There are 2 protein chains.
Amino acid sequence: MPRADGTTRDHLIESTRELLWERGYTATSPRAILDRAGAGQGSMYHHFTGKEDLAAAAMRDTAQQLLARTETDLAGDGSALERLKAYLLRQREVLRGCPVGRMTGDAEVLGSAVLQHVVAATFDELRGRIVAVICDGMDNDEFDGSVQPAELADTVLAVVQGGYVLARAAGDPAPFDRAVRGAVAMLEHTRKKDVR
Amino acid sequence: MPRADGTTRDHLIESTRELLWERGYTATSPRAILDRAGAGQGSMYHHFTGKEDLAAAAMRDTAQQLLARTETDLAGDGSALERLKAYLLRQREVLRGCPVGRMTGDAEVLGSAVLQHVVAATFDELRGRIVAVICDGMDNDEFDGSVQPAELADTVLAVVQGGYVLARAAGDPAPFDRAVRGAVAMLEHTRKKDVR
DNA sequence: GTCTATACACGGATAGAC
DNA sequence: GTCTATCCGTGTATAGAC
C-alpha cells in the first residue's frame, strides 16, 4: 500500500509552477515539466489526468502562496493607508510578472473552465481583502467620503497588474516603481481633509 | 514588373493582426494566418522571412493605430484632467485586452529582439504623450504641486493595462470599469486646492 | 508571386512492460 | 507507480512546379 507522501507528485507540481511562471501555460510542455521534475511520462499520467489537471493543481498552489503573502501586507495593525502602501510598495520580482495575472494573457487558460476559475477566484479573494481594508479606513474617517471602496480596490489591483505589464514591455522594473509610487501619491490625496 | 499594390501582403498582415490579438504570438501558427488570409505558404515566405518578420509588421501596424486613437483622446483642447479622463474612460473592447500590452505575457515575444522592441517603443510613445499632458496641466496649475508627472503617467497607463488583466481574469469588463473610475476619482483629488 | 508537396521536430496522450 | 515505446496531429520551414 502506497505511503501518502506524494514526493514525485510534489516535484511535478513544483516544476509546473516554475514553468508556468516562466513561460505560461501554452508554452509549457509536459516534456519540459517531466525533464525538470526528473520524472517519466507515466508518473504524470498516473497522478494527474493530463497537462490541464496538473496545471490546475500548480496554479492553486501558486494562488495560495500569493494570497498568503498579500495577507501579510494587508493585515498589519497600521492605518488602512499604511497597509495599502505596504501592498503597493512591497518588493516584487517585477520582470517575472505576476504568476497569476500573467495567465490572463494565455487564451488557452481562459478557454479552460478549471484554469480560468482559479485565476478568477484568486483575484476575487484579493479584491475582497483590499475592499475590506479600504472600508476599515472609511470607518476610521481616513479617506474622503467620496471614495468608493469597490472602485479604489480595483484601481489598486490594476496599478500592480499594469505595472508588471509596463515593466515587462520595457524590460525594466522602473515603470512598475513609478506606477506604484504615483498611486501612493494619489492615495495620500484622498485622505480626509482636516476640518477644524 | 509587379505593381506595388501589395494586396496579398496586406491580407497577410491583417490576418496576423487579428490572430495576434485573439491568441497571442506563440499560439498563432503560420498555417492559421494563411488560412484566414486565403493564401498559400509561398506567399508568406515570399513577402516575409518567416513568422517573426510577419508578426513584427503586423504589430507595427497595430501600434500605429493604437497610438493614433490615443492621440485623439489626449489632443483635445480641454483641461489636462479632462483629457486624461477621456483616455481613461474611452470605450474599449475590454475582454479582448490591449493588443500591444497582451504581448508582454508571451515569453517568445519578449525573447525576440524585434518584437520586444515594437512593444517597448509603443509604450514609450504612449508614456511620452501622457507625460506631456500632465506637464501641460502642471503649467496651468491644474494639479497639486506635489504631483510627479513621470510617476502619474505610468500610474495612468498601469491602471488601463491592469484593468484589462482584471477584466480578462474575471471574464467580465466590470473590474476594468471600476479601476478606471477609481483612478479618475483619485485624479480629481490631486487638483490644486483653491487658495482664497 | 503563388501554389503544393515535403521534411522534420515537437506537442499531448496512450500502451504496455517492469 | 514509474518507465519506455509509440502514435498522431501540428508547427515552422524549404523545395520546386506553375
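Residue numbering restarts at 1 for every chain, and letters A, B, ... go by the order of the sequence lines. Predicted, not measured: the structure shown is a model, and the values here were computed from it.
- Closest approach to the Ala39(A) side chain among dT2(C), dC3(D), dT2(D) is made by dC3(D) (side chain taken as heavy atoms from C-beta onward).
- dA13(C) atom C1' lies 17 Å from atom NE2 of His46(A), rounded to whole Å.
- Distances from the side chain of Ser29(A) to the nucleotides dT2(C), dG11(C), dT12(D) place dG11(C) closest.
- Looking at Lys192(A) and Asp141(A), a side-chain N of the basic residue comes within less than 4.0 Å of a carboxylate O on the acidic one, giving a salt bridge.
- Distances were taken from every side-chain heavy atom of His47(A) (C-beta onward) to each of dG11(C), dT12(D), dT2(D); the shortest belongs to dT2(D).
- Rounded to whole Å, atom P of dT12(D) lies 16 Å from atom CZ of Phe48(B).
- Here the P atom of nucleotide dC3(D) and the CG atom of Leu34(A) are 8 Å apart, to the nearest Å.
- DNA chain C is contacted by both Thr28(A) and Gly42(A); Thr28(A) maps to the nucleotide lying nearer its 5′ end (nearest heavy atom per residue).
- At a threshold of 4.0 Å, the pair Arg83(A)-Asp136(A) counts as salt-bridged, since one of the basic side-chain nitrogens sits closer than that to a carboxylate oxygen.
- Candidate nucleotides dT2(C), dA13(D), dG12(C) were compared by shortest atom distance to the side chain of Ser43(B), and dT2(C) ranks first.
- Protein atom CD of Gln41(A) is 10 Å distant from nucleotide atom C1' of dC3(D), rounded to whole Å.
- For the atom pair Thr28(A) OG1 and Ile33(A) CD1, the distance stands at 6.0 Å (nearest 0.5 Å).
- Heavy atoms of Thr49(B) sit nowhere under 4.0 angstrom from any nucleic acid atom.
- Checking each of Asp73(B), Val160(B), Val180(B) against Arg90(B) for a side chain to side chain contact (heavy atoms under 4.5 Å, CB included) leaves exactly one that passes, namely Asp73(B).
- As rounded to whole Å, 12 Å separates atom P of dG12(C) from atom CG of Leu19(A).
- Enclosure of atom CZ in Arg96(B) by more than 12 non-hydrogen atoms of other residues, nucleotides or ligands within 6.0 angstrom is indicated.
- dT2(C) atom C1' lies 16 Å from atom CZ of Arg9(B), rounded to whole Å.
- Computed from coordinates, the Tyr45(B) OH to dA15(D) C1' distance equals 13 Å when rounded to whole Å.
- Atom CE in Met44(A) sits about 15 Å away from atom P in dT4(D), given to the nearest Å.
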